[in-house]
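Let me begin by presenting the structure, written as structure tokens, before commenting on it.
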Amino acid sequence: MNRFRPLPPSFYRRPAEIVARDLLGRYLVRELDGERLVLRLVEVEAYLGAPDRASHAWDGRRTPRNESLYLPGGHAYVYFIYGMHFCLNAVTGEAGVGSAVLLRAGAPVEGEERMAENRGWLKKVRPGDLAGGPGKLCRALGVGRELDGVLLDRPPLYIAKGEPEAAEGTGRIVASPRIGVDYAGEAAAWPLRFSVAGERNVSRPWPG
DNA sequence: CGGAAGATCCACT
DNA sequence: GTGGATCTTCCGA
């Protein structure tokens, strides 16, 4: 049987924080030039949409850049940030909500060599840091603007069942405040960053 | 219209 | 710990 069967769109049509936890341990699969690149998701963040000041959809904001954030759950939202980097999200909930899960870090499962090549000028590819951060993750997988708005249930980009952490209970899942959102008032403290305890392939250590 | 800052990362001190 | 890369959006003049 296929180890990399995609999750259906219905998986994503739930609240972002539920989907975020459920995504930990899943396989993020990218097919690139006939090659299969696979990361096991170890760090994600939930963004809640209009009520969440840290979200690109805060207060219902709509711009050309974030348009795909309002698609139905199960689509990709890829955006360009700091004039340098792409970030990949899985849109969650129903169409028009604007909630999503940012895929922050993954551990290599397949295609590690190619992913290291993709990193290119984002060099310093050290063990445990191949995709340890949202910009690095996109760079490693060759994810760019052309994948903004695609459905995540088929090649060339999908998320497969993998080895979900949530299925083991919450013992291995750590919740903490999101990274780089200090400007977001109360929302900055919401514990919407989720990572796998003990994983070294994360963007930053855990608090405490 | 201009300046500032951002869901980032790297090089250097 | 600081500065730079330089796209996109926001806000004040």
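Here is the naming used below: chain letters follow the sequence lines, and residue numbers restart at 1 for every chain.
The gap from the P atom of B/dC1 to that of C/dT6 amounts to 23 Å, rounded to the nearest Å. Rounded to whole Å, the separation between the C1' atoms of B/dA7 and C/dG1 comes to 22 Å.
When the shell of 6.0 Å around CD of A/Glu146 is examined, it contains more than 12 heavy atoms from other residues, nucleotides or ligands.
Summarising the base pairing, B/dA7 is matched to no nucleotide, lacking a Watson-Crick or G-U wobble pair whose two defining distances lie under 3.5 Å. Of all nucleotides present, none satisfies the Watson-Crick or G-U wobble test against C/dT6 with each distance under 3.5 Å.
Regarding A/Trp58, its CH2 atom lies at a distance of 16 Å from the P atom of C/dT9, rounded to whole Å. In this structure, A/Tyr183 places its OH atom 19 Å from P of B/dA4, rounding to the nearest Å. To the nearest angstrom, P of B/dT8 lies 15 Å from CZ of A/Phe86. Here B/dA5 presents its P atom at 16 Å from NE2 of A/His56, a figure rounded to the nearest Å. Remark: C1' of B/dC10 and CG of A/Asp129 are 11 Å apart, rounded to the nearest angstrom. Rounded to whole Å, atom P of B/dC10 lies 11 Å from atom CZ of A/Arg139. Rounding to whole angstrom units, CD of residue A/Glu67 and P of C/dT8 are separated by 15 Å. Atom-to-atom, CZ of A/Phe194 to P of B/dA7 comes out at 18 Å; the value is rounded to the nearest Å.
Phosphate contact (OP1/OP2 of B/dC10, side-chain N/O of A/Arg119, threshold under 4.0 Å): present.
A/Arg62 comes within contact range of no nucleotide atom at all, as no heavy-atom separation falls under 4.0 Å. At the heavy-atom level, A/Arg65 lies under 4.0 Å from the strands shown only through sugar-phosphate atoms. Across all strands, A/Phe80 comes closer than 4.0 Å only to sugar-phosphate atoms, never to a base (heavy-atom distances).
In this structure, the nucleotide among C/dC7, B/dA7, C/dC11 sitting nearest to the side chain of A/Arg145 is C/dC7. Nearest to the side chain of A/His85, among C/dC7, B/dA7, B/dC9, sits B/dC9. Listed nucleotides: B/dA7, B/dC10, C/dC10. Nearest to the side chain of A/Lys136: B/dC10. For A/Thr63, counting side-chain heavy atoms from C-beta on, the closest listed nucleotide (C/dC7, C/dT9, B/dT8) is C/dT9. Which of B/dT8, C/dA5, B/dA7 sits closest to the side chain of A/Met84 comes down to C/dA5.
Results of the side-chain contact (heavy atoms from CB on, under 4.5 Å) test with A/Leu28 over A/Leu37, A/Leu88, A/Val143 single out A/Leu88 as the only residue that passes.
For A/Tyr47 and A/His56, the ring centers are positioned 6.0 Å apart or more.
A/Glu165 has a carboxylate O that lies under 4.0 Å from a charged side-chain N of A/Arg40, or vice versa, which qualifies the two as a salt bridge. Look at A/Arg114 and A/Glu35 and you find a salt bridge, because one of the NZ, NE, NH1 or NH2 atoms lies within 4.0 Å of a carboxylate O, short of that distance.
A cation-pi contact, defined as under 6.0 Å to the ring centre and within 45° of the axis, links A/Arg62 to A/Tyr70.
Side chain A/Tyr82 to base B/dA5: no donor-acceptor pair is found below 3.5 Å.
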